[in-house]
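Report on the following structure.
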Amino acid sequence: MAHDAPRPPGVTSTPKAAGIVKTWSRPGKPVLPDLDAAFALLGLTDGATLSFHHHLRNGDAVMVAVIDAAAWAGLRGLHVAASSVFAVHAPLVAHIESGVIGSLCTNFLSGPVAGAVSRGALKTPVVLRTHGGRARAIARGALTIDAAFVAAPSADAMGNISGTIGPRACGVLGYPQCDATHARRVVAVTDTLVDYPAQDIQIAQDRVDMVALVPSLGDAAGILSGTTRPSDRPEDLAIADLAARVIAASGLLVEGFSLQNGAGGTSLATAAALGRIMTARGVTGSFASGGITGFHVDMLEAGLFRALLDVQCFDHRAIASFHGDPRHQAMSASMYANPHQRGAVVDRLDAVVLGAAEVDLDFNVNVTTRADGIIMGGSGGHADTAAGAKLAIVTTKLTAAGFPKLVDRVGTLTTPGATIDVVVTDAGIAVNPARAELADRLHAAGLAPVPIAELHRLALSRAERLPQPPRSETVVALSEYRDGTVTDVIRQV
């Protein structure tokens with residue numbers, strides 16, 4: 001049978017098998033000169049949801065630049081769905097006050113935006129999720145994203161994104177993976193356009209709609225914000241040594257042991273102390289996970305762990321390790337901690353070492369608000385890892401800035417006490433009464449745990465002032481658990 005119709009552009013042969021349809025497309029995607037052009041093409045309307053990831057941490061310039069462009073486009077009442085908000089995002093306060101931003105959800109909220117929210121700048125309460133809870137909400141449709149703006153250290157013209165190439169390299173891109181999969185439109189925002197195909201692709205072209213160029217993603221030094229090495233202060237080292245001994249006595253420190261610890265100085269010092277015990281016992285761990293620092297890389301290279309599972313790199317050494325060592329592997333936020341999707345890495349953890357702003361008599365933990373009620377953080381992976389790990393340890397001093405850190409009731413319930421097993425302080429250890437077997441093991445090891453009420457009494461005796469809870473009835477934020485239930489409300493200060 002003759003084929004008289006002209007072939008479409010790009011089709012060089014006629015499919016011979018019945019039912020096969022050959023498709024074609026133009027050889028590239030829009031590479032736009034700036035964010036204004038991206039908004040012109042996106043066609044967003046008032047109230048749209050825009051999402052952002054936080055791998056550039058306190059060096060990020062993308063979120064503010066995007067909201068500036070949205071304001072220039074005349075959009076109002078936008079919902080900002082950011083995985084974290086830092087001090088560098090202070091210019092967003094003006095956009096809240098002008099009505100460009102109408103609502104916000106995030107996993108971590110700090111800096112001037114947190115202060116503005118705490119004082120009632122938004123009419124709609126902010127939703128504070130866990131890292132796993134955000135992934136769950138996106139995947140299940142509870143959080144629908146109209147446009148995901150992915151800060152791309154480098155990208156090619158088809159939108160393939162790498163986190164390891166470019167002057168603002170940040171390493172693993174674990175948090176925007178869900179956004180890129182489920183958002184209606186995905187914009188790769190980059191200051192480094194590379195030849196096709198990009199190297200070390202982490203988000204591929206089939207999930208990206210357009211590429212927008214910006215002069216700079218931000219300040220590379222800000223990516224490294226926070227503590228990434230073990231503390232050397234004697235009081236922190238004493239707590240760290242005690243926490244490591246708790247793990248050693250728990251019965252979990254055997255071949256194939258898995259660990260997560262935060263990037264704080266005491267948590268990293270705990271990992272260092274535990275590493276010495278592992279070396280003495282000849283134990284090799286299966287993996288360490290979470291946000292990865294150069295210290296974790298040191299443990300990998302020393303043979304203490306066989307692998308690293310990384311959702312976010314915290315320093316240049318971690319970035320270089322991820323780029324060059326196949327044992328150092330990336331994971332998405334969903335793989336890391338989503339409680340409702342085919343299993344999470346947090347559920348494979350033997351032990352996690354966490355910090356706290358406050359701990360109460362029921363072992364509930366607050367990492368969200370200060371003693372004066374101002375928002376200063378949020379769960380991140382705190383509640384996710386506490387729920388998943390076999391042994392969840394919270395390390396804390398009894399007091400800070402004159403306030404007790406062991407309190408009657410936490411100012412904000414971030415992580416339920418039912419998921420916390422041990423609290424380790426500079427005055428001793430308390431074991432959750434539900435973990436009688438663990439308490440017996442610690443007694444047998446000579447660690448002498450005491451009732452948490454005793455630590456609470458000591459904290460009050462050392463404190464110079466007491467927390468002042470907000471008196472307002474106006475709710476400014478909701479602390480949401482990983483499954484979507486609300487653990488607490490935060491009131492206006």
Side-chain angles (χ1 to χ4, degrees), residues 54 57 83-87 105-111 113-115 117-118 126-134 225-227 236 239 243 260-268 270 290-291 311-312 314 336-337 346 352-389 392-401 403-407 409-425 452 459 467 469-470 476-482 486-491:
H54 71 279
R57 295 173 60 75
S83 54
S84 288
V85 176
F86 292 94
C105 65
T106 186
N107 309 343
F108 183 92
L109 182 59
S110 62
V113 178
V117 167
S118 300
V126 169
V127 178
L128 296 170
R129 294 188 171 95
T130 74
H131 286 328
R134 182 178 190 271
S225 58
T227 303
D236 293 340
I239 294 172
Q260 180 165 329
N261 56 282
T266 302
S267 290
L268 291 173
T270 301
V311 71
Q312 176 184 21
F314 279 99
Y336 171 42
V346 296
V352 63
V353 181
L354 300 164
E358 295 175 324
V359 183
D360 70 22
L361 293 170
D362 293 319
F363 287 77
N364 299 310
V365 181
N366 170 23
V367 290
T368 303
T369 51
R370 303 185 325 204
D372 60 2
I374 296 285
I375 298 169
M376 56 85 181
S379 175
H382 198 286
D384 294 314
T385 52
I393 298 174
V394 169
T395 60
T396 181
K397 295 172 185 172
L398 289 185
T399 63
F403 290 102
K405 298 190 72 177
L406 275 292
V407 295
R409 186 185 185 281
V410 289
T412 300
L413 198 167
T414 313
T415 300
T419 65
I420 301 299
D421 301 301
V422 183
V423 174
V424 178
T425 75
I452 197 167
V476 297
L478 308 176
S479 179
E480 191 177 278
Y481 195 53
R482 58 200 307 252
V486 174
T487 60
D488 211 341
V489 298
I490 300 167
R491 302 188 187 280

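For the numbers below, each heavy atom of this structure counts, side chains included, while hydrogens, waters and symmetry mates do not. Index from 1, following the sequence.
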Going from [atom1] on [X] to [atom2] on [Y], what distance comes out if it is rounded to the nearest 0.5 angstrom?
X	Y	atom1	atom2	value
R409	D362	CZ	CG	9.5 Å
L354	Q260	CG	CD	7.5 Å
R57	F314	CZ	CZ	4.5 Å
N107	S83	CG	OG	6.0 Å
R134	T106	CZ	OG1	7.5 Å

Which pair of heavy atoms, one from [X] and one from [Y], lies closest together, and at what distance?
X	Y	answer
G373	S118	O-OG, 4.4 Å
T419	Y481	CG2-OH, 3.8 Å
A357	V367	N-CG1, 4.1 Å

Within the structure provided, determine whether [X] and [Y] are in side-chain contact (heavy-atom separation under 4.5 Å).
X	Y	answer
L398	L406	yes
S84	S110	no
P467	E358	yes
N261	T270	no

> Sequence neighbours excluded, which residues qualify as ring-ring contact (aromatic ring centres under 6.0 Å, His included) partners of F108?
Replying inline: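 So F108 forms a ring-ring contact (aromatic ring centres under 6.0 Å, His included) with F86.
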
> Under the side chain to side chain contact (heavy atoms under 4.5 Å, CB included) criterion, do T396 and V423 qualify, and how do the steps go?
Replying inline: CA-CA 8 Å; T396 181; V423 174; 4.2 Å; yes

Would you say [X]'s side chain and [Y]'s backbone share a donor-acceptor pair under 3.5 angstrom?
X	Y	value
D372	I374	yes
S267	G264	no
D421	I393	no
T425	T395	no
K405	A356	yes

> Out of L478, I490, D488, T414, which residue meets the side chain to side chain contact (heavy atoms under 4.5 Å, CB included) rule with L128?
Replying inline: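 The side chain to side chain contact (heavy atoms under 4.5 Å, CB included) with L128 is passed solely by I490 among L478, I490, D488, T414.
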
Going by atom type alone, with no hydrogens or angles, which donor-acceptor pairs under 3.5 Å involve a side-chain atom of residues 378-386 and a protein atom two or more places apart or on another chain?
{"from": "S379", "atom 1": "OG", "to": "A383", "atom 2": "N", "distance (Å)": "3.1"}
{"from": "H382", "atom 1": "ND1", "to": "T415", "atom 2": "OG1", "distance (Å)": "2.7"}
{"from": "H382", "atom 1": "NE2", "to": "G355", "atom 2": "O", "distance (Å)": "2.8"}
{"from": "D384", "atom 1": "OD1", "to": "T130", "atom 2": "OG1", "distance (Å)": "3.0"}
{"from": "D384", "atom 1": "OD1", "to": "R482", "atom 2": "NE", "distance (Å)": "2.8"}
{"from": "D384", "atom 1": "OD2", "to": "T130", "atom 2": "OG1", "distance (Å)": "3.2"}
{"from": "D384", "atom 1": "OD2", "to": "H131", "atom 2": "N", "distance (Å)": "3.3"}
{"from": "D384", "atom 1": "OD2", "to": "G132", "atom 2": "N", "distance (Å)": "2.8"}
{"from": "T385", "atom 1": "OG1", "to": "G381", "atom 2": "O", "distance (Å)": "2.9"}
{"from": "T385", "atom 1": "OG1", "to": "H382", "atom 2": "O", "distance (Å)": "3.1"}

> Residues two or more places apart in sequence or in another chain: which of them pass side chain to side chain donor-acceptor pair (under 3.5 Å) with T487?
Replying inline: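 With sequence neighbours excluded, T487 shows a side chain to side chain donor-acceptor pair (under 3.5 Å) to S479, given in chain and number order.
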
>> Could you check whether T412 and T368, counting side-chain N and O atoms only, form a donor-acceptor pair closer than 3.5 Å?
In response: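 T368 vs T412: no donor-acceptor pair found between side chains.
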
>> Set out, in order, the CA-CA distance, both residues' side-chain angles and the distance that settles side chain to side chain contact (heavy atoms under 4.5 Å, CB included) for D236 and K397, then state yes or no.
In response: CA-CA 8 Å; D236 293 340; K397 295 172 185 172; 3.1 Å; yes

